[in-house]
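Quick notes on the structure that follows.
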Protein chains: 2
Amino acid sequence: MKYHKIPDETIRRMPLYVRALALLEQEGQETISSRQLAERLRLNPPQIRKDLSYFGAFGTRGIGYPVISTARRIRAILRLDVPQKAVLVGAGRLGTAIAVYPGFSVFGLEIAAIIDNNPTKIGSRVGRLEIEHIAAAATLKARGIRLGLLAVPAEAAQGCADVLVQAGVKGLLNLAPCCLDVPKQVKVVSIDMAMALGVLPYYV
Amino acid sequence: MKYHKIPDETIRRMPLYVRALALLEQEGQETISSRQLAERLRLNPPQIRKDLSYFGAFGTRGIGYPVISTARRIRAILRLDVPQKAVLVGAGRLGTAIAVYPGFSVFGLEIAAIIDNNPTKIGSRVGRLEIEHIAAAATLKARGIRLGLLAVPAEAAQGCADVLVQAGVKGLLNLAPCCLDVPKQVKVVSIDMAMALGVLPYYV
DNA sequence: GTGGCTTTGTGAATGTGAGCACAAGCACAA
DNA sequence: TTGTGCTTGTGCTCACATTCACAAAGCCAC
Ligand SMILES: NC(=O)c1ccc[n+]([C@@H]2O[C@H](COP(=O)([O-])OP(=O)(O)OC[C@H]3O[C@@H](n4cnc5c(N)ncnc54)[C@H](O)[C@@H]3O)[C@@H](O)[C@H]2O)c1
Ligand SMILES: NC(=O)c1ccc[n+]([C@@H]2O[C@H](COP(=O)([O-])OP(=O)(O)OC[C@H]3O[C@@H](n4cnc5c(N)ncnc54)[C@H](O)[C@@H]3O)[C@@H](O)[C@H]2O)c1
């Protein structure tokens with residue numbers, strides 16, 4: 001394919017493919033066609049072919065896509081081939097759930113530090129990590145941590161974001177129900193469960 | 001505006017407006033212009049005006065939108081003017097965090113029941129709710145519960161979805177990393193934190 | 001090899017949403 | 001009553017995303 005800007009939506013779907021292919025690898029399947037994969041993921045086959053083709057030829061005509069090497073190539077595209085470390089800010093209910101959640105490892109992601117500002121929490125353990133003081137942010141860069149998750153109250157989110165950005169964090173997953181101001185070279189993705197639930201009655 | 005199908009993206013943004021207006025109401029502001037609101041929400045003013053105009057005229061030219069009545073009208077559009085009850089399936093780490101989360105009430109949403117299949121959990125309390133057996137699903141309809149949240153392991157999600165749909169649930173928020181098959185009159189929204197975090201390294 | 005079957009890769013077409021620019025409309029002051 | 005200033009509501013255009021349709025390409029059996 002000639003030069004094409006890669007759609008954001010395509011990038012958003014890539015981890016879906018990574019996960020599906022990881023599962024297929026476990027099942028021992030060696031190749032998968034766009035049709036089979038589409039059925040699993042409830043997508044259209046041409047969508048998958050086009051998504052993958054943005055990054056070059058992955059498959060074999062008549063056969064499909066090789067499960068293992070395709071997974072590896074997508075991981076490389078998403079920079080998930082090297083372990084990516086993240087800091088979690090906010091060791092509350094949601095934060096501790098996230099801290100012990102094993103589901104990040106499929107993507108080579110690791111929660112490598114937990115920060116809170118509550119003195120009674122600092123020093124105690126969540127899983128194998130010790131909760132650190134916000135001042136520990138200064139050490140993040142040296143520890144190779146470039147991603148952050150915000151699980152603090154909405155009022156504190158902007159302040160924490162500022163601290164993380166200052167500390168060299170380049171990507172943020174914001175769980176708090178608010179908007180964040182960050183320099184434009186920092187990427188923010190927000191998740192708001194209440195908003196997501198809030199649209200359902202409209203469709204019902 | 002002439003007849004227009006309302007974009008899904010517009011619907012997805014509506015709770016954003018509800019939340020912002022609720023905050024403005026608390027602050028005692030009586031009207032807000034699309035420009036001011038856009039600044040708060042990091043959107044473009046015409047986007048907000050267009051979104052709102054899909055549902056008719058809300059504002060006053062030269063002044064802006066009345067905070068209270070606009071909030072009320074949007075709530076009505078989203079069917080959030082009547083309290084909406086939801087059942088939470090899965091009283092694990094994430095489930096219990098959600099169960100005690102107060103952030104749903106801005107939207108008139110309420111977690112009204114918690115279900116788990118672990119016998120050691122059934123009967124114990126999370127907040128003011130008692131964890132119920134999956135058999136309790138049969139009572140959901142009678143209790144006016146039409147929404148469901150799935151916070152169970154991915155392997156169990158489809159089974160739980162089936163039970164809820166059978167019990168008359170019409171909208172599902174799926175927190176498990178998997179796709180769900182449901183009848184098409186049931187609306188599913190999925191949230192996958194790991195996937196959301198997984199795209200960040202690409203942009204960094 | 002050659003033919004038939006299958007599936008990819010991709011231009012072109014279609015569908016969907018975002019942004020702009022401006023006319024229409026309201027408030028308020030003079 | 002008229003004028004001024006501001007903000008909404010919206011047709012139009014452009015950008016982005018999805019879907020289609022088909023040629024190109026590999027595999028396998030004979
Ligand atoms: N619990 C949920 O299910 C849920 C759902 C959707 C969104 N959220 C959002 O996630 C965020 C966290 O929710 P939660 O339920 O875990 O709340 P929580 O109150 O249980 O935890 C918040 C934690 O953040 C810490 N904190 C507060 N200010 C801080 C600061 N400036 N620096 C560092 N740490 C700070 C607190 O000490 C606490 O440990 C909130 O913004 C909430 O709106 C939660
Ligand atoms: N914890 C997180 O931060 C996080 C993040 C992203 C996604 N998720 C997803 O959310 C889901 C729940 O995560 P968790 O960390 O709370 O897991 P968990 O293991 O702590 O909790 C799962 C709960 O579901 C219950 N359960 C299992 N099968 C059930 C069934 N058939 N019917 C009813 N209940 C059943 C279990 O008894 C348990 O209480 C998982 O799918 C997970 O992938 C969790």
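Throughout, a chain's letter reflects where its sequence line sits, starting with A, and its residues are numbered from 1. Everything numeric here is computed off the predicted structure, so don't read it as measured data.
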Please tell me if [X] has a side-chain N or O lying less than 4.0 Å from either OP1 or OP2 of [N].
X	N	answer
A/Tyr65	C/dG9	yes
A/Asn44	D/dT19	yes
B/Tyr54	C/dG17	no

- Item | Pairing residues for B/Tyr203 by the ring pair (Phe, Tyr, Trp, His ring centres under 6.0 Å) criterion, not counting sequence neighbours |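 Counting only residues at least two positions away or on another chain, B/Tyr203 forms no ring pair (Phe, Tyr, Trp, His ring centres under 6.0 Å).
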- Message: Checking B/Tyr202 now: which residues fulfil ring pair (Phe, Tyr, Trp, His ring centres under 6.0 Å) with it, not counting sequence neighbours?
- Response: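 Checked B/Tyr202 against ring pair (Phe, Tyr, Trp, His ring centres under 6.0 Å); zero matches.
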- Partners of A/Asn44 by side-chain hydrogen bond (donor to acceptor under 3.5 Å, both in side chains), sequence neighbours excluded?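 side-chain hydrogen bond (donor to acceptor under 3.5 Å, both in side chains) check on A/Asn44 returns nothing, list empty.
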- Rounded distance (Å) that lies between atom P of C/dG17 and atom CD1 of B/Ile11: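 Atom CD1 in B/Ile11 sits about 10 Å away from atom P in C/dG17.
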Could you pull out all residues at least two apart from [X] that satisfy salt bridge (charged side-chain N to carboxylate O under 4.0 Å, His left out)?
X	result
B/Asp51	B/Arg13
B/Arg40	B/Glu27
B/Glu9	B/Arg12

- Donor on one side chain, acceptor on other, A/Gln166 and A/Asp162, under 3.5 Å: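 There is no such pair between these side chains.
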- Does a donor on one side chain and an acceptor on the other come within less than 3.5 Å for B/Ser53 and B/Arg49?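 Judged by distance alone, the side chains do not pair up.
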- Task: Please collect all side chain to side chain donor-acceptor pair (under 3.5 Å) contacts where either partner lies in residues 57-70 of chain B, sequence neighbours excluded, each pair once.
- Result: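 The answer is none; no pair qualifies.
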- Task: Ignoring hydrogens and angles, answer whether the base of C/dG19 and the side-chain atoms of B/Lys50 contain a donor-acceptor pair closer than 3.5 Å.
- Result: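 Between C/dG19 and B/Lys50, which were checked side chain against base, a qualifying N/O pair under 3.5 Å is present.
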- For the residue pair A/Leu197 and B/Leu149, establish whether any side-chain heavy-atom pair is separated by less than 4.5 Å.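 Yes, at least one pair of side-chain atoms sits under 4.5 Å.
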- Does the side chain of B/Val189 come within less than 4.5 Å of A/Leu200's, by heavy atoms?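 SC-SC contact between A/Leu200 and B/Val189 confirmed.
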- Item | Contact residues, residues 178-198 of chain B to DNA chain D [heavy atom, < 4.0 Å] |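 None, since no heavy atom is under 4.0 Å.
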- Task: Give me the residues of residues 32-39 of chain A where at least one heavy atom lies under 4.0 Å from an atom of DNA chain D, by number, or none.
- Result: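 None - not one residue of the stretch has a heavy atom sitting under 4.0 Å from the strand.
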Which side-chain N or O atoms in residues 92-107 of chain A pair as donor and acceptor under 3.5 Å with protein atoms at least two apart or in another chain?
residue, atom, partner, partner atom, Å
A/Thr96, OG1, A/Gly92, O, 2.8
A/Thr96, OG1, A/Arg93, O, 3.1
A/Ser105, OG, A/Pro102, O, 3.1

- Item | Base versus backbone protein contacts along nucleotides 22-30 of chain C [heavy-atom cut-off under 4.0 Å; B, S, -] | --BBBS---
- Using five base pairs at each end, measure the axis-to-axis angle across the helix from C/dG1-D/dC30 to C/dA30-D/dT1 and round it to 10 degrees.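 Axis angle across the helix from C/dG1-D/dC30 to C/dA30-D/dT1, nearest 10°: 10°.
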- State which residue, out of B/Val87, B/Leu173, B/Leu175, B/Leu180, fulfils the side chain to side chain contact (heavy atoms under 4.5 Å, CB included) condition with B/Leu150.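 Going through the options one by one, the only one that passes is B/Leu180.
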- Have a look at B/Arg12 and say if it touches a base, only the backbone sugar-phosphate, or nothing, with a 4.0 Å heavy-atom cut-off.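 No contact.
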- Message: On DNA chain D, does the nearest nucleotide to A/Ile6 precede the nearest nucleotide to A/Pro46 from the 5' side, or the other way round? Give the residue.
- Response: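 Taking each residue's closest nucleotide, the earlier one in sequence belongs to A/Ile6.
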